[in-house]
Amino acid sequence: MKQSKTFIPTLKEVPSDAVVTSHVLMLRSGMIRPLGAGIYSFLPSGYRVVRKISQIIREEMDAIGGQEFHLPALNPREIWEETNRVEAFGDNLFHLKNRDYVLAPTHEEIITFHARKVVSSYKDLPQIWYQIQTKFRNEPRPRSGVIRGRQFLMKDSYSLDSSYENLNLSYELHDKAYRKIFDRCGLKYFVVGASSGAMGGTGSEEFMIKSEAGEDTVAYCEACGYAANVEVANSRVNPKERDSESKLVYEISTPNVKSIDELCTFLNIDESQCAKSRIYISDNKPVLVLMLGNDEVNETKLEKILGNVRPAHPDELKEITGADAGSIGPVAFNGKIIVDLRLKNSNNMFSGANKNDYHIGGIDFQRDVVNHEYHDLRIIKAGEGCPKCEKNLEVFSAIELGHIFKLGTKYSDAMGALFLDESGKEHPIVMGSYGIGVERVMACFIEQHHDEKGIKWNKLLAPFDIHLIALNMKNELIAKTAEEIYNNLKQSGFEVLFDDRIDAGAGFKFNDADLIGLPLQVIVGEKKLKENKVEVKNRQTNERVDVELSSLIEYLVRSKE
RNA sequence: CGGGGCGUAGCGUAGCCCGGUUCAUCGCGCCUGCUUUGGGAGCAGGAGGUCGCAGGUUCAAAUCCUGCCGCCCCGACCA
């Protein structure tokens, strides 16, 4: 492509509403433009990258026997009623105003719809059906450019199996395919065991990359590879040790002391001597949750024990305990008490007195706290011990690139997608579901491969293979030589972006090229041409070498390997 | 949905507090001509705006008030 005739509108300045790096660079390099919040147009060079990623995905999906579908984005609402997911998605599902349709946010229902019409025998199984298509979700707050949009491109595949054993095989195939896909895309990723959540089913894994722009928080051990969403992560932390002697309970006047830190300062004690109280409402009843010191309650862990919970409102606190937040404690608390494992059987502890401006010392959890049970409830913190090895955990933000689920029979049961086994007995199809955010792959690649000048594409994802830069198109020798190189490269099978712009200065072209970030730049200028040479710059390393014109094609073909 | 910020030419912005002959600023980009061509060029000339929309206050509104719309950030939410 000749750049003088190609629509690649690069920007010198940073657009005011872009914040994360990948968003800034995608806008500046002319790959995308916004249309509305969370809605982006892909411009020609950006769409080339989308197609390259899609192609890699396609090849790896086909390699495990996947068959590509093209499914409707426009779905009759009643199909989504069959699985009760209109309600489950709630406001996140787009509804049309003038017909009873919804815009598909995923395609389990549609796949199951076709499966129940087509699959009738165990002989029809297994199947892996996939699609790479636009999906719609009414995100309350789109953000970070293409990373969280209302309209996005997703590879979804669905496995149909006759048993859970066979589902495991399909799941394994996807796990391996995903690793190949992300490896080929040049991403540094890690795999996180996740709870299957509202998708239902028996197991799932998330493929993540570390990024400030991420919306998930992950605990990770560099040493052994332990990785878990902070929602479910554990760590090695010391429990509070029991003192040999238990003091008696005593009340202390603590005027205006609200926080654990204030209490420690006031009494000149360590936070490890304090039990922090939080009141949650579960099933309309109050539950007192006790944590050691400043440990925070992990509400996901709490919900695993209690079901849905919410923190109590300030006015409820007073009603339930007789005190405001800051003076609540376990002694004489009338209701269920759940205590973090770190506090197990501890004694000589301080906590609130359920009376404003008073605390209690000398609390012995064995002696003074009735009606309680112990669970792991804490949010782990960076630097704590890895639960699987001797090293310590990092905690950081991450972007979810892909997610694989063992769905089981949730959808086939609900929608009646059944098959007959060898003995003529009817069973629901056992399903799996496997997604990859295509634009996220693109954004994550940029997050991981850029410098202050711009993007550093690898060979597989780059919109073009080579950026051919003719420095001064008004110089006839340069123009003629560059044109020849351009034609030869095309004939040799390269995708070439030829900067033939007549009025752009050298520096302008260099900076545009670094911004767009094609892996190789071939620079044709007066200086080197005098010696019958051109310069080849490697954008990964920013190293330049001079190459004889006569051996240029050979050199580039070799470097393509 | 709560909190915060913003909306002035294609992009980035000044002016807004304190309304009025600086009232629409500046830089980049764009158009024309000449020069320049190895790291975002120089000179000269030029085009481009319902100051987000609607209403209100006022002799007078980009500026003050009300409502709405849009965008961004933090939070909540997130198969």
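These values consider heavy atoms only, across backbone and side chains, with no hydrogens, waters or symmetry-generated copies. First the proteins, then the strands, lettered A, B, ... as listed; each starts at 1.
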**Request:** May I ask you to decide if A:I455's main-chain N or O and A:R539's side chain share a donor-acceptor pair within less than 3.5 Å?
**Result:** yes
**Request:** Let me know the distance between CD of A:Q521 and P of B:rG38, rounded to the nearest Å.
**Result:** 16 Å
**Message:** Rounded to whole Å, how long is the line connecting atom CZ of A:R33 with atom C1' of B:rC71?
**Reply:**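 Going from CZ in A:R33 over to C1' in B:rC71 covers 16 Å.
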Taking the [atom1] atom in each of [N] and [M], what is the distance between them to the nearest angstrom?
| N | M | atom1 | value |
| --- | --- | --- | --- |
| B:rC72 | B:rG12 | P | 13 Å |
| B:rC6 | B:rA62 | C1' | 15 Å |
| B:rG20 | B:rC51 | P | 16 Å |
| B:rC69 | B:rC11 | P | 23 Å |

Mind checking [X] for me? I need base, sugar-phosphate or nothing, with any heavy atom below 4.0 Å counting as a touch.
| X | value |
| --- | --- |
| A:A18 | nothing |
| A:K509 | nothing |
| A:D512 | base |

**Asked** Using a distance-only test with no angle check, is there a side-chain donor-acceptor pair under 3.5 angstrom linking A:D514 and A:Q521?
**Response** yes
**Prompt:** Is A:E296 paired with A:K276 through a side-chain N to carboxylate O contact shorter than 4.0 Å?
**Reply:**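 Here A:K276 pairs with A:E296 in a salt bridge, since their nearest N and O are under 4.0 Å apart.
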**Request:** With the side chain of A:D17 defined as its heavy atoms from C-beta on, choose the nearest nucleotide among B:rC78, B:rC72, B:rG27.
**Result:** B:rC72
**Item:** Minimum-distance nucleotide to A:P140 side chain [options: B:rU37, B:rA76, B:rG38]
**Value:** B:rA76
**Asked** Under the ring pair (Phe, Tyr, Trp, His ring centres under 6.0 Å) criterion, do A:F445 and A:W457 qualify, and how do the steps go?
**Response** CA-CA 8 Å; A:F445 182 89; A:W457 287 116; 5.2 Å; yes
